[in-house]
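Below, chain A is the first sequence line, B the second, and so on; all start at residue 1. Since the structure is predicted, the reported quantities are computational estimates derived from the model, not experimental observations.
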Amino acid sequence: MEISKTYSPAQVEPKWYNHWLDNKYFAAKPNPDKKPYTIVIPPPNVTGVLHMGHMLNNTIQDILIRRKRMMGYEACWVPGTDHASIATEARVVAMLKEQGIDKKDLTREAFLAHAWQWKEKYGGIILQQLKRLGASCDWDRTRFTMEPSLYEAVIEVFIQLYNKGYIYRGARMVNWDPQAKTTVSDEEVIYKEINSKLYYIKYYSENNNNEYFTIATTRPETIMGDVAICVNPHDERYKALIGKKYLVPLINRPIPIIADEAVDMEFGTGSLKITPAHDMVDYNIGLKYNLQIIDVLSDDGTISPAGQIYVGEDRFAVRKKIVLELTEKNHIADSKDIVNKVGTSERTGAVIEPRISTQWFCSMKQMAVPTLENVLNENIKIYPKDKFINTYKHWLENVQDWCISRQLWWGHRIPAWYDTKGNYVVAKNLEDAQKIYSQKYNLVNATLTQDADVLDTWFSSWLWPISVFDGFAKNDNKDFKYFYPTHDLVTAPEILFFWVARMIMAGYEFTDKAPFENVYLTGIVRDKAGRKMSKSLGNSPDPIELIEKYSADGVRFGMLLSSPAGNDLLFDEKYCEQGRNFANKIWNAYRLIKSWEVINSEPTDIDTKTIQWFTSKYNHALKNIEDNYEKYRISEVLKNIYTLVWDYFCSWYLEMVKPDFGKPVSIRTYNDTIVLFENLLKILHPVMPFITEEIWHGLSNRTTAEAIVVSQYPVAQDYDDNILIQCDKVFALVTEVRNLRSSKGVSPKEVLELEYYTMKDDILQPALITYENIIKKLCNLSYINQKTDKLPASNFVMGGIEFFVPLGNHTDLAKEKETLLKELEYTKGFLVSVNAKLANEKFAAHAKPEVIENENKKKADAIAKIESIEKTLSNM
RNA sequence: GGAGUUUUAGCUCAGCUGGUUCAGAGCAUCUGCCUUACAAGCAGAGGGUCGGGGGUUCGAAUCCCUCAAACUCCACCA
């Protein structure tokens, strides 16, 4: 059979993916004979399309799950999507707008019908894309955060926490998105630096038209909500004025001057207008001094009737108008350009308005305790720990109550029911609500309506590892018992608090267990210039195009290559190219082996020793690989495999056992080579699943059940360290000879002789004899022997051995002499430094015995070497 | 303003508890090769006062102090 010269993944990859699906290799069910290994996918937003972050994240998950599957675990990777309430609702609203439909004109039911339609049509794209990557998820388990059983879990948890007193309703200062008309969490506010103007505004005294007080503000449109002017009590300039009253411009409301240390004397005029309804700091000062709250803005960001003027007009338009009017009326003392940070909504980009509103909150303090404790004591391990543990700790120690209500329709509707007076009860459904209500308020058949708001998306996400197995919906769920707690979580560091910490809270709160054992935090994918990849910058490559260009295996390789855990990855396509090249290299090793003719004979001496060596090398590498897996150093694993396959298997092993052109290879050598190669393929499979499956089947006829994806992962055996050390020396020697050829311009085809003069080298000397045939083959030598007196000869020194290669007229005696002189000089200098170290009394007194012994050995070797070289030189 | 991380070759990074795996790898660069598996390749080579300074030590890339730069998170500028 003719095998093509380059590997072509285009047909191969879909073929095997379908094969895996058809044979249900990714399906997991509780199996008492096997240990479970579970990963839940960080559910991408239904609005999402695959980006490079997903690629990295899911490649790592797939590697972990495939390896465990091959190791005999019941490996379960649960896929799914997140309903992403704000993002999806914004998307649906925009879509309807294009169709000429305004959300305001729709009933809740009608809107949700549109939203579900949208979800069915576009919601699963990202999961389909993951299949191209090779993700071995159990697709039959695909979950969605708003499907019935997950919905139930969310409601159940809400009720539990309410009954426990953790969830409460209260008026609070929240981040208000006037465009989406909803609250957003602190984490969803993005602060941007903006060029603004700081206006210095005069507030005239209530009883003296000539006396005024100047304050500085960037938000003149909120002055109608002013209830006080605050100065620092230590500020000498204003001490005398405390308690006096001034008039708010334009509306002429008298407000007092009060004092609080929160005021920065340096900024602006050293005074602060207090607008409790529209600023966090002001709100707190307002609470402290029991000031009135005047809310001058409506939920859409226009001036409310309480503002008295410009009612119904947009806040930014009003800012300009008010400045104009203040100028006309001589209230502006000055204005300055400043750069300040303004909060914007992550979802809509609108400028966030701090606003007082009645919301649902969840107290976090108690739940934070086990969440911190179990990470500090490593019941849950975070990789890499050092980088994140301190911020994790800081966050949990200072955790704020969580505002969980959102003024949206797409999401889990809050299970609270109100009567017309505003009394409410919390219950699963209307029926229950009525029962509870009638008991609580002693009223039967009251008309109850459900809270209009939905829950924060993260309020369902934090239950994800539990709810995907119906852990709440059904008490006695087999899957939940078997697969939960899950084992590894792979996610981005950005959502450590949003999501990871909250999942840990939920785990301990609702199941008394950690939801997972290990958290692997990937890096953030950036472009070559170090910028975060984002749609708006347009600097993110399309992953599917990358796959088409470099193959899924190649891209997986590329994603991993330079992304140690937690380190940001500066993505460059060249890494994918390297992956593609690697696939091609493996392909050609396969071609070579397949091309061999086999003869029923004994293996040669070279073959036997080569196989022995590589077996040791392989086991040595496998131990390292397993060690790196343990530490979640996945990119190190990849580098280990890369070197093992490319350098040691292809460049050394295959070159050594490869028969001369047209000659056959012994059956034992062939079979051993196949076994070694297949083991390499197995180790490679989790990283490059497609090409390994293809070659696996190409190497011999295998049944469906013998796919590599379900083959048994190799276990590292003991190996002979001595062989490895000797062969490393042998390879170094080979390299020296090749170097000699290269520098003297001697063709690799020209047969050479090698002579050596040995002083003392415990490793290389026996290796020269044991591996004589291998050295001869690799260096194209006819002769290796102890030095006689053939001169002139090119020379080099390795360890305690001088080597000579008679090169006839290639040799320049003067240059050879120079080489030896250089070596001599270096060795003498080295000897001086060793002697100095040994002569140092403090060294002798403090250093460990083995260190001293080593220095003595260095000294003896150096002396022998010097003698030898001097002797050679005197003969030249 | 508070905290954290990072700084090693042109680029991206390894170097665990201070001493023969101590200055490493991959990519890039340069040289020579289309050598019957692979030019998506082969064989070689050159690149670094380990951010600066100081200290501890017989000995520091590694431990301590200090300065500098970059990044991240939290708080937040009226």
Side-chain angles (χ1 to χ4, degrees), chain A residues 3 5-7 186 191 196 198 215-219 222 230 262-264 266-269 271-275 279-282 338-343 384 386-395 398 493-494 496-497 524 526 528 530 550 554 561-564 566-570 572 574-575 577-596 631 633 635-636 638-639 642-643 646 650-651 654-655 658 660-662 725 728 734-735 738-743 745 747-749 836-837 840-848 850-852 854-855 857-858:
Chain A
I3 304 172
K5 206 168 164 179
T6 48
Y7 169 59
D186 291 345
Y191 287 91
S196 330
L198 185 63
I215 58 92
T217 181
T218 53
R219 303 207 54 196
T222 62
C230 192
V263 177
D264 178 357
E266 305 296 318
F267 191 89
T269 61
S271 65
L272 179 63
K273 75 184 189 70
I274 303 296
T275 323
D279 186 279
M280 208 69 93
V281 173
D282 294 13
I338 62 158
V339 175
N340 67 341
K341 279 193 203 165
V342 173
D386 297 344
K387 201 165 173 179
F388 297 105
I389 191 70
N390 286 313
T391 39
Y392 182 84
K393 198 174 159 205
H394 184 261
W395 189 77
N398 298 287
E494 300 147 299
L496 183 60
F497 308 126
I524 297 166
R526 298 173 181 279
K528 264 190 280 185
Y550 300 107
L561 188 57
S562 70
S563 70
N567 272 18
D568 288 357
L569 160 62
L570 301 188
D572 190 332
K574 75 178 185 194
Y575 297 123
E577 194 181 337
Q578 201 180 337
R580 181 201 58 178
N581 294 354
F582 185 44
N584 200 48
K585 185 72 185 176
I586 298 160
W587 184 252
N588 276 290
Y590 162 62
R591 274 181 72 213
L592 176 66
I593 295 168
K594 284 297 273 190
S595 75
W596 287 347
K631 294 173 184 157
R633 296 162 55 139
S635 68
E636 283 299 311
L638 180 68
K639 286 176 189 170
Y642 184 76
T643 310
W646 196 310
C650 293
S651 295
L654 288 178
E655 288 303 326
K658 176 163 104 175
D660 290 337
F661 181 65
I725 295 167
D728 279 348
V734 172
T735 301
R738 285 172 176 168
N739 184 15
L740 206 62
R741 280 184 191 273
S742 171
S743 62
S747 156
K749 287 174 186 161
K837 200 182 244 186
N840 186 327
E841 279 172 33
K842 284 185 174 173
F843 174 75
H846 294 279
K848 280 181 258 174
E850 58 263 36
V851 175
I852 296 175
N854 214 317
E855 292 301 315
K857 188 173 176 296
K858 282 190 205 169

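Per the geometry, CZ belonging to A:Phe388 stands 11 Å off P belonging to B:rU5, to the nearest Å. Residue A:Lys749 contributes atom NZ, which lies 6 Å from atom C1' of B:rU35 at whole-angstrom precision. With rounding to whole Å, A:Arg738 atom CZ is found 15 Å from B:rA45 atom C1'. In this structure, A:Asn840 places its CG atom 11 Å from C1' of B:rU57, rounding to the nearest Å.
Comparing B:rA78, B:rC38, B:rA40 by their closest approach to the side chain of A:Ile338 singles out B:rA78. The side chain of A:Thr217 lies closest to B:rA78 when the candidates are B:rC27, B:rA43, B:rA78. Of the candidates B:rA37, B:rC77, B:rA14, the closest approach to any side-chain atom of A:Asp279 belongs to B:rC77. Between B:rC38, B:rU20, B:rC73, one nucleotide has an atom nearer to the side chain of A:Asn854 than all others, and that is B:rU20. Of the candidate nucleotides B:rC27, B:rC77, B:rG41, B:rG41 has the atom nearest to the side chain of A:Trp646. Comparing B:rG19, B:rG44, B:rC38 against the side chain of A:Val851 picks out B:rG19 as the nearest. When the nucleotides B:rC38, B:rU36, B:rA14 are ranked by their closest atom to the side chain of A:Arg633, B:rA14 comes out on top.
For B:rC38, one of the phosphate oxygens OP1 or OP2 lies less than 4.0 angstrom from a side-chain nitrogen or oxygen of A:Lys5. Within the 4.0 Å cut-off from OP1 or OP2 of B:rA45, at least one side-chain nitrogen or oxygen of A:Asn739 is found. Distances shorter than 4.0 Å separate some side-chain N or O of A:Asn581 from OP1 or OP2 on B:rG41. In terms of phosphate contacts, A:Tyr642 brings a side-chain nitrogen or oxygen within less than 4.0 Å of OP1 or OP2 of B:rC27. Regarding contacts with the backbone of B:rA78, every side-chain N or O of A:Thr275 stays at 4.0 angstrom or more from both OP1 and OP2. Side-chain nitrogen and oxygen atoms of A:Lys658 include at least one within less than 4.0 Å of the OP1 or OP2 phosphate oxygen of B:rA37. For the pair A:Lys585 and B:rC42, the criterion of a side-chain N or O lying under 4.0 Å from OP1 or OP2 is met.
Only the P atoms considered, B:rA9 is 8 Å distant from B:rG51, to the nearest whole Å. Using C1' as the reference atom, B:rC27 and B:rG47 are 14 Å apart when rounded to the nearest Å. Across B:rG4 and B:rG19, the matching C1' atoms stand 32 Å from one another, rounded to whole Å. Comparing the C1' positions of B:rC16 and B:rG24 gives an interatomic distance of 15 Å, to the nearest angstrom. Straight-line distance between the P atoms of B:rA60 and B:rC67: roughly 24 Å, to the nearest whole Å. Atom name P, nucleotides B:rU62 and B:rU49: the rounded distance is 16 Å, in whole Å. For the C1' atom pair drawn from B:rC77 and B:rG2, the interatomic distance equals 15 Å after rounding to whole Å. If you take atom C1' in B:rA75 and the same atom in B:rG15, they sit 37 Å apart, rounded to whole Å.
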### Task
Run the numbers on A:Glu655 and A:Lys658 for salt bridge (charged side-chain N to carboxylate O under 4.0 Å, His left out), then give the verdict.
CA-CA 5 Å; A:Glu655 288 303 326; A:Lys658 176 163 104 175; 3.4 Å; yes

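Note that CD1 of A:Ile593 and CG of A:Leu654 are 5.5 Å apart. Values are rounded to the nearest 0.5 Å. Distance check: A:Asp279 CG to A:Thr217 OG1 gives 8.5 Å after rounding to the nearest 0.5 Å. Here the OG1 atom belonging to A:Thr6 is positioned 12.5 Å from the CD1 atom belonging to A:Ile3, to the nearest 0.5 angstrom.
RNA chain B is contacted by both A:Thr6 and A:Ser743; A:Thr6 maps to the nucleotide lying nearer its 5′ end (nearest heavy atom per residue). Nearest-nucleotide positions on RNA chain B place A:Gly662 closer to the 5' end than the other of A:Gly662 and A:Arg219.
In plain terms, the two heavy atoms of A:Lys585 and A:Cys650 that are nearest each other are CE-CB, 3.6 Å. Nearest approach of A:Ala844 to A:Ile852, heavy atoms of both residues: O-CD1, 3.7 Å.
In textbook terms, a nucleotide whose glycosidic angle is within 90° of 0 is syn, while B:rG48, being further out, is anti. B:rU20 has its base syn relative to the sugar, with a glycosidic angle deviating from 0 by at most 90°. The glycosidic torsion of B:rU21 lies within 90° of 0, placing the base in the syn range. In this structure, B:rU12 shows a glycosidic angle more than 90 degrees from zero, which is the anti conformation.
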### Query
For RNA chain B, what dot-bracket results from Watson-Crick or G-U pairs at under 3.5 Å, with [ ] for crossers and | for inter-strand partners?
(((((((..((((.....[....)))).(((((.......))))).....(((((..]....))))))))))))....

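Contact annotation: the side chain of A:Pro493 approaches that of A:Ile524 to within less than 4.5 Å [non-hydrogen atoms, C-beta and beyond]. The shortest side-chain heavy-atom distance between A:Tyr7 and A:Ile586 does not fall under the 4.5 Å cut-off. A:Asn840 has its side chain out of reach of A:Lys837: every pair of non-hydrogen atoms, C-beta onward, lies at least 4.5 Å apart.
One N or O on the side chain of A:Ser651 and one on the backbone of A:Trp646 form a donor-acceptor pair closer than 3.5 Å.
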